[in-house]
Structures are given as structure tokens and as C-alpha cells.
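One-based numbering along the sequence shown. The model shown is predicted, which means the values in this text are computed figures rather than measured ones.
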Amino acid sequence: QVQLVESGGGLVQPGGSLRLSCAASGSIFSIYAMGWYRQAPGKQRELVAAITSGGNTNYADYVKGRFTISEDNAKNTVYLQMNSLRPENTDVYYCNAVSDAECDYWGQGTQVTVSS
């Protein structure tokens with residue numbers, strides 16, 4: 001089992017920045033990849049950014065150049081640095097971890113609101 005705890009969401013003005021954090025605990029040795037997803041009410045979760053244990057990254061096209069995913073292995077934490085935020089980035093953001101047995105784990109979600 002893997003437990004994920006997110007933090008760092010909040011209210012920010014358009015053009016501002018936020019950094020989301022996701023701390024993993026439990027069977028972290030089994031994690032193959034971690035990522036951030038977003039979900040609007042009534043819609044499916046969609047990938048924002050992901051990073052593998054080897055450091056390979058993947059981004060949704062609409063965040064390339066503005067968002068950066070990174071990891072601190074010593075802290076078992078993954079970050080999502082979000083710059084140049086837009087109102088359309090408003091959503092609940094979820095941390096995800098995938099184990100080498102292809103089990104999915106999710107955090108509780110953190111609200112990001114971009115508004116003036």
C-alpha cells in the first residue's frame with residue numbers, strides 16, 4: 001500500500017504561481033511513476049504531468065513550458081510547479097502513484113483556484 005498526501009493548493013491570481021507537493025509513504029519502493037491529474041466536476045480525471053522513477057517526464061500539451069514536475073527522492077515527495085496560471089487551470093488536482101504491479105494510488109485532492 002502507498003499513501004499520498006497533497007498540499008499547496010489555494011487561490012491565486014491569473015499569472016501567478018503555485019507549487020503542489022505530494023508526499024508518499026508506505027510501500028514506496030514499489031512505485032514506478034507518479035503524476036498529477038486534474039478533475040473538473042462531472043468530468044474524468046486527466047493527466048497534467050507525470051514522472052517515472054528513472055526521471056522521464058510527460059506533460060499535457062496545454063501546460064508545457066508553464067508547469068514543471070520534479071521529485072525529491074530523499075523526501076519521497078513529488079512537486080508540481082505551476083507558473084503563469086490561467087483561470088482555466090482551476091480544478092481539483094490529484095496526486096497519483098503507480099506501482100510496478102500496476103496498482104493505482106490516489107491522494108485526497110487539493111483545490112487550485114485561479115481568479116482575480
Side-chain angles (χ1 to χ4, degrees):
Q1 291 290 323
V2 174
Q3 293 78 44
L4 303 173
V5 178
E6 301 127 332
S7 60
L11 172 64
V12 64
Q13 292 186 343
S17 298
L18 281 176
R19 189 178 78 158
L20 305 182
S21 301
C22 176
S25 62
S27 301
I28 57 174
F29 59 88
S30 68
I31 296 175
Y32 168 76
M34 294 186 69
W36 290 94
Y37 286 70
R38 60 182 292 182
Q39 186 172 27
K43 293 187 177 181
Q44 289 189 328
R45 290 179 188 180
E46 60 180 38
L47 177 69
V48 177
I51 186 167
T52 68
S53 57
N56 295 315
T57 58
N58 183 35
Y59 295 92
D61 286 343
Y62 63 89
V63 304
K64 288 179 180 178
R66 298 189 298 123
F67 291 12
T68 302
I69 189 169
S70 62
E71 60 185 357
D72 184 335
N73 291 324
K75 296 183 179 179
N76 301 320
T77 299
V78 170
Y79 304 97
L80 184 67
Q81 178 67 44
M82 304 187 294
N83 298 329
S84 302
L85 282 162
R86 305 166 181 169
E88 55 264 37
N89 298 134
T90 295
D91 257 329
V92 179
Y93 284 72
Y94 293 89
C95 181
N96 168 262
V98 181
S99 75
D100 50 14
E102 299 188 356
C103 292
D104 267 308
Y105 300 94
W106 295 94
Q108 79 283 2
T110 185
Q111 177 70 47
V112 171
T113 302
V114 185
S115 176
S116 56

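- Atoms CD and OG1, from E71 and T57 in turn, are 10.0 Å apart once rounded to the nearest 0.5 Å.
- Scored by the ring-ring contact (aromatic ring centres under 6.0 Å, His included) test, Y59 finds no partners at all (sequence neighbours excluded).
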* Apply side-chain contact (heavy atoms from CB on, under 4.5 Å) to the pair T113 and D91, showing each step before the final yes or no. => CA-CA 7 Å; T113 302; D91 257 329; over 6 Å; no
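- In this structure the side chain of I31 never reaches within 4.5 angstrom of the side chain of V98, judged on heavy atoms.
- Sorted by first and then second residue, the ring pair (Phe, Tyr, Trp, His ring centres under 6.0 Å) pairs with a member in residues 81-103 form an empty list; sequence neighbours excluded.
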* Run the side-chain contact (heavy atoms from CB on, under 4.5 Å) check on L18 and F67 step by step: do they pass? -> CA-CA 10 Å; L18 281 176; F67 291 12; over 6 Å; no
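- Residue pairs meeting the disulfide (SG to SG under 2.5 Å) criterion with at least one member in residues 69-116, sequence neighbours excluded: C22-C95.
- At least one side-chain heavy atom of E6 sits under 4.5 Å from a side-chain heavy atom of Q108.
- L20 and Y62 fall within the same hydrophobic cluster, where Ile, Leu, Val, Met, Phe, Trp and Tyr residues are linked whenever their side-chain heavy atoms come under 4.5 Å apart, directly or through other members.
- Between V63 and M82 there is no side-chain heavy-atom pair separated by less than 4.5 Å.
- The structure places CZ of R38 at 8.0 Å from OG1 of T90, a figure rounded to the nearest 0.5 Å.
- Residue pairs meeting the side-chain hydrogen bond (donor to acceptor under 3.5 Å, both in side chains) criterion with at least one member in residues 73-82, sequence neighbours excluded: Q81-N83.
- Taking CD from Q13 and OG from S116, the interatomic distance works out to 7.0 Å, rounded to the nearest 0.5 Å.
- Criterion: ILVMFWY side-chain heavy atoms under 4.5 Å apart, direct or through other members. Under it, V92 and V112 are not part of a common hydrophobic cluster.
- For the ring pair (Phe, Tyr, Trp, His ring centres under 6.0 Å) condition, the pairs that include at least one residue of residues 9-52, sequence neighbours left out, are Y37-W106.
- Looking only at side-chain heavy atoms (C-beta outward), N58 and N56 stay at 4.5 Å or farther from each other.
- Side chains of V78 and S70 form no contact here, defined as non-hydrogen atoms less than 4.5 Å apart.
- A distance of 7.5 Å separates CD in Q3 from OG in S27, rounded to the nearest 0.5 Å.
- Between the side chains of R45 and N96, no donor-acceptor pair of N or O atoms lies under 3.5 Å.
- Qualifying salt bridge (Lys or Arg N to Asp or Glu O under 4.0 Å) partners for K43, counting only residues two or more places apart in sequence or in other chains: none.
- Between P87 and S115, every side-chain heavy-atom pair lies at or beyond the 4.5 Å cut-off.
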